[in-house]
Novice: 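Take a look at this one; I'll ask things after.
Numbering of ligands and ligand atoms starts at 1, following listing order. If you're wondering where the values come from, they're calculated on a predicted model, not measured in any experiment.
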Amino acid sequence: MSDPKFSVIGSGSIGIGWAIVFARAGYQVKVFDIEEAALRNFEIQVKARLELLAENDLLTQSPKEILARIDTTLDLSEALVDADYVQECGPENVEVKRELFTKLAGLTKPDAILASSSSALRPSEFASDISSNERCLVVHPGNPPYLIAIAEVVPAKFTSDAAINTCTQLLTKVGIIPIRVNNEPQGFVFNRLQGAILREAYCLVRDGVISPTDLDLIVTEGLGKRWSIVGPFATSALNVRGGIRAHVARMGKSYFEMGKERGQNDPWDQELVERVASDIENKLPDAQWEKNTEKRDLALMKLNKLFERIVKP
Ligand SMILES: NC(=O)c1ccc[n+]([C@@H]2O[C@H](COP(=O)([O-])OP(=O)(O)OC[C@H]3O[C@@H](n4cnc5c(N)ncnc54)[C@H](O)[C@@H]3O)[C@@H](O)[C@H]2O)c1
């Protein structure tokens, strides 16, 4: 698809973010909302954010050129008539999404991708009974999507491989890294990880172990800084010479006991550890452990330099 057309349905926080992503990448975007006031606010917000992105050297075109690709409308069929890809950003309510997806299926070209931004509703909860639901799925962004360049691509059993492929190609075209999530887990992956940390954080504060402010500092100055360069699996592989297997041998029991304190019983059995180790080793071979830890450290040095210039909220 050489010149795909995008539609954004719902012009609140996430609709604003997606419209910027699509228009910034050079594509036409039509934005629909049921509220005139929401569309007026959308126009003000998009302009303000584009100007801020430009001030921070994060645009290759002027805000004016990008804004010229975005049209707003209160007419749903007008918003959908040419769309190759629809990003639904309505309220997080299963009835609203079901009703919206029924309309989207009726008003779009038969092969247009129908993606919901839902944070926690599974596609099978709102698109099961919809005709042509092989093109329906969730594409859950980080917030704001024009700064957090990943999105979880969550198909249902009824979503076709062709639709998943077209969707991931279009996301890549607009600069978003598509992350495939299988089996429609509750909360998908982004929020499950966030939730795991938040649940533990609340327990630690409740038990008087740490103050909320200090807990945030452990993340912003410690874990979070490291995780922006290497994820939790890669961190484990680089923290212990010998990679994932050596890390589990040294630390696995301790992590298991911490989980047990919270009523969790999910041992990392050998088959699971092998699956993780062999996948992580593709990128970080154990034989190059020294070289890879040095690369991590160099990236951290650059990040530390950048951090000196960042004013945090
Ligand atoms: N805010 C976040 O951090 C975040 C992050 C990722 C995903 N999401 C998901 O994105 C979706 C939108 O969230 P938001 O934060 O932008 O909400 P929001 O309340 O800011 O915006 C929702 C917009 O939808 C409009 N709307 C209401 N009914 C509609 C309908 N029938 N058709 C079209 N538009 C309608 C409203 O007028 C409003 O402008 C939700 O599913 C949410 O879970 C939100």
Novice: Is Val29 reachable from Leu147 through a run of hydrophobic residues whose side-chain heavy atoms are each under 4.5 Å from the next?
Specialist: yes

Novice: List the steps, then state whether side chain to side chain contact (heavy atoms under 4.5 Å, CB included) holds for Arg135 with Asp111.
Specialist: CA-CA 7 Å; Arg135 58 202 174 107; Asp111 58 350; 5.8 Å; no

Novice: Compile the protein residues with any heavy atom at a distance under 4.0 Å from an atom of ligand 1; present them by chain, then by number.
Specialist: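 Close residues (ligand 1, cut-off 4.0 Å): Ile9, Gly10, Ser11, Gly12, Ser13, Ile14, Phe32, Asp33, Ile34, Glu35, Ala38, Cys89, Gly90, Pro91, Glu92, Lys97, Leu100, Ser117, Ser118, Ser119, His140, Pro141, Asn143.
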
Novice: How long is the straight-line distance from CG of Leu137 back to CD of Glu152, given to the nearest 0.5 Å?
Specialist: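 If we round to the nearest 0.5 Å, Glu152:CD and Leu137:CG are 12.0 Å apart.
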
Novice: Is Val154 isolated, or which residues cluster with it under the ILVMFWY side-chain rule of less than 4.5 Å, directly or via members?
Specialist: Ile9, Phe32, Ile34, Leu76, Leu80, Val86, Val94, Val96, Leu100, Phe101, Leu104, Leu107, Leu114, Leu121, Phe126, Ile130, Val138, Val181, Phe188, Val189, Leu193

Novice: Around atom NZ of Lys64, are there more than 12 heavy atoms of other residues, nucleotides or ligands at under 6.0 Å?
Specialist: no

Novice: Have Lys225 and Asn304 got a donor and an acceptor in their side chains that come within less than 3.5 Å?
Specialist: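 Indeed, the side chains of Lys225 and Asn304 share at least one donor-acceptor pair under 3.5 Å.
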
